[in-house]
Amino acid sequence: MLLLTIETSCDETSAAVVRDGRQVLSNVIASQVDVHARYGGVVPELASRRHIEAISVVVDEALEKACITLNDVEGIAVTRGPGLIGALLVGISAAKAMALALDLPLIGVHHMEGHILAPLLEREIEFPFLALAVSGGHTHLYRVDGIGRYTTLGRTLDDAAGEAFDKVAKLLGLGYPGGVVIDRLAAKGDPGAINFPRPLLHQEGYDFSFSGIKTSVLNYVRRQGEPISGDHLSDLAASFQAAVVEVLTVKTLRAAEAAGLSRIVVAGGVACNSGLRASFAAAAAQRDLLVHFPAPILCADNAAMLAVAGDFYLSRGERASLDLNGAANWPLDQVGPARS
Ligand code: KG4
Ligand code: ZN
């Protein structure tokens, strides 16, 4: 099936063309970073407006890059949620309009389902596997028994990992989005320079907490009494990143061991982080583990990632009606047959 997929849940307008839920023919991403950077975070109303301006152009470009026309498309998958409701509705409205005009089957896909199945666009990974989903809004550990079969094993009790990166970057005056900047600075710093806390590391269970690390960074910065720069700033970035990475790695490995899972997928924007990649690579080398990180373009928000689940559901006859609505909050383990 030749699928057109659309993602507008946050600050990226994206459209992709994917064959049979595996072969990516195009994956166009229009970032809105320039719009939101001056506010230090995503402004929902501005995000919706920018999606409206970009959606047709992005869909046209995705079709063009895939060397097809709209008439070749056999189905449409769109992010139904979770995300910013106004932003989601732009993608959903565009998808519904095309589905109606061309009489095409339509399906709504969960944003995190897209993220954790994105690795299947690159290689086959046998089920079951453990998925660590780390983005700006999520830090969740899921047991994945198949497409549509997810069990939450743990989740953040406060900030998401990406949110912690963004907030720390903001308080250090490093701009938005912060994850990339901290990652880059951390590469030049000493991760052992400052000992930030590792919240819940020794606690039972697989929940996370990142707001405490962020507060520790804030207190550290205040104690200095003067702006932090140069090597000191790199050391701070490296030490903060090391704390987040250690908690994510150790708890994920513990969950994998307890569940008897030898395959791990790490997905979402924070999966671009080089420290996290290195930490899991080292762990995998010591154990009999397969750890898969998608390529960075498939970790960040993109439409192609929706195709794995979209193709699966459409192929088994599931359809969203033209009443399909956005779902700002939608727990992944509640994805079910009703998709409208
Ligand atoms: O998945 P994503 O693109 O959007 C959401 O669904 O939230 O994730 C965005 C998050 C942001 O918080 C961003 O700072 C973070 O991913 N991020 C990173 C890196 N690249 C993006 N965090 C740490 N290191 C990176 N290299
Ligand atoms: Zn995302």
Side-chain angles (χ1 to χ4, degrees), residues 5-14 16 27 29-33 36-37 40-42 44 47 51 78-84 87-88 91 109-119 131-140 142 156 159-172 174-189 191 210-211 213-214 237-238 240-249 265-280 293-306 309 328-330 332:
T5 58
I6 296 175
E7 150 67 38
T8 63
S9 67
C10 190
D11 60 346
E12 255 97 35
T13 317
S14 181
N27 190 17
I29 304 166
S31 169
Q32 304 180 356
V33 165
H36 305 289
V42 178
H51 283 309
V78 61
T79 303
R80 176 187 171 222
L84 303 171
L88 288 165
V109 174
H110 192 291
H111 182 76
M112 298 316 290
E113 185 172 30
H115 274 304
I116 63 182
L117 297 177
L132 170 65
V134 267
S135 68
H138 283 75
T139 300
H140 280 59
Y142 299 110
T156 181
D159 292 352
E163 194 179 350
F165 271 94
D166 293 337
K167 286 179 174 171
V168 165
K170 194 171 179 179
L171 73 89
L172 294 173
L174 298 173
Y176 175 86
V180 188
V181 193
I182 292 198
D183 194 357
R184 206 176 317 127
L185 273 175
K188 297 183 286 184
F210 295 106
S211 71
I213 308 184
K214 176 199 64 194
F240 160 73
Q241 182 171 295
V244 174
V245 164
E246 184 179 341
V247 177
L248 289 173
T249 311
V265 157
V266 187
V270 182
C272 293
N273 186 266
S274 42
L276 191 64
R277 287 176 175 251
S279 170
F280 270 100
F293 281 76
I297 190 175
L298 293 174
C299 288
D301 286 349
N302 71 94
M305 70 184 190
L306 306 172
N329 300 303
W330 183 19
L332 180 60

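Each ligand, and each atom within it, is numbered from 1 in the order the structure gives.
The protein heavy atom nearest to atom 9 (C) of ligand 1 is Gly136 N, 3.7 Å. Nearest protein heavy-atom neighbour of atom 3 (O) of ligand 1: Asp301 N, 3.2 Å. If you check which protein heavy atom lies closest to atom 14 (O) of ligand 1, you get Asp166 OD1, 2.6 Å. Distance from atom 20 (N) of ligand 1 to its nearest protein heavy atom, with residue and atom name: Gly269 O, 3.5 Å. The single protein non-hydrogen atom nearest to atom 24 (N) of ligand 1 is Asn273 ND2, 3.0 Å, given as residue, atom name and distance. Nearest protein heavy-atom neighbour of atom 15 (C) of ligand 1: Val270 CG2, 3.9 Å. With respect to atom 22 (N) of ligand 1, the closest heavy atom belonging to the protein is Gly179 CA, 3.4 Å. Taking atom 26 (N) of ligand 1 as the reference point, the nearest protein heavy-atom neighbour is Asp183 OD2, 2.9 Å.
Ser14 contributes a side-chain N or O that, together with a main-chain N or O of Ala303, makes up a donor-acceptor pair within less than 3.5 Å. Distance alone, capped at 3.5 Å, places no donor-acceptor pair between the Asp11 side chain and the Val42 backbone. Remark: the backbone N or O of Ala47 is paired with a side-chain donor or acceptor of Gln32 at under 3.5 angstrom.
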Worked check of ring-ring contact (aromatic ring centres under 6.0 Å, His included) between Phe165 and Phe210 = CA-CA 9 Å; Phe165 271 94; Phe210 295 106; 8.7 Å; no
Go through Leu306 and Val78 one step at a time and tell me if the side-chain contact (heavy atoms from CB on, under 4.5 Å) criterion holds.
-> CA-CA 7 Å; Leu306 306 172; Val78 61; 5.7 Å; no
Please test Asp183 against Ser274 for side-chain hydrogen bond (donor to acceptor under 3.5 Å, both in side chains), starting from the C-alpha separation and ending with a verdict.
-> CA-CA 7 Å; Asp183 194 357; Ser274 42; 2.5 Å; yes
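With ligand atoms numbered from 1 in the order given, ligand 1 contributes 7 (O) to contacts under 4.0 Å with heavy atoms of Gly137. Listed by number with element, the atoms of ligand 1 under 4.0 angstrom from any heavy atom of His115 are 1 (O), 6 (O). Ligand-side atoms of ligand 1 in range of Ala300: 3 (O), range being under 4.0 angstrom from any heavy atom. Listed by number with element, the atoms of ligand 1 under 4.0 Å from a non-hydrogen atom of Cys272 are 20 (N), 26 (N). Taking every heavy atom of Gly162 and a limit of under 4.0 angstrom, the matching atoms of ligand 1 come to 12 (O).
The shortest distance between side-chain heavy atoms of Pro82 and His138 falls below 4.5 Å. Counting only heavy atoms from C-beta outward, the side chains of His110 and Trp330 approach each other to under 4.5 Å. You'll find the side chain of Thr249 reaches within 4.5 Å of the side chain of Leu276, heavy atoms only. For the pair Leu185 and Leu174, the minimum side-chain heavy-atom distance is below 4.5 Å. Side-chain contact check for Glu246 versus Pro191: every heavy-atom pair is 4.5 Å or farther apart. Side-chain contact between Arg277 and Pro296: present, with at least one pair of heavy atoms (C-beta onward) separated by less than 4.5 Å. Using a 4.5 Å cut-off on side-chain heavy atoms (C-beta onward), Asp159 and Lys167 make contact. Contact annotation: the side chain of Ile29 never approaches that of Asp301 to less than 4.5 Å [non-hydrogen atoms, C-beta and beyond].
Here's the thing with Gly268: none of its N/O atoms is less than 3.5 angstrom from an N/O atom of ligand 1.
Only the side chain of His111 comes within 4.0 Å of ligand 1, judged by heavy-atom distances.
The closest approach between a heavy atom of Arg184 and any atom of ligand 1 is not below 4.0 Å.
Only protein N, O or S atoms were scored, and 3 of them lie under 2.8 Å from the Zn ion (ligand 2).
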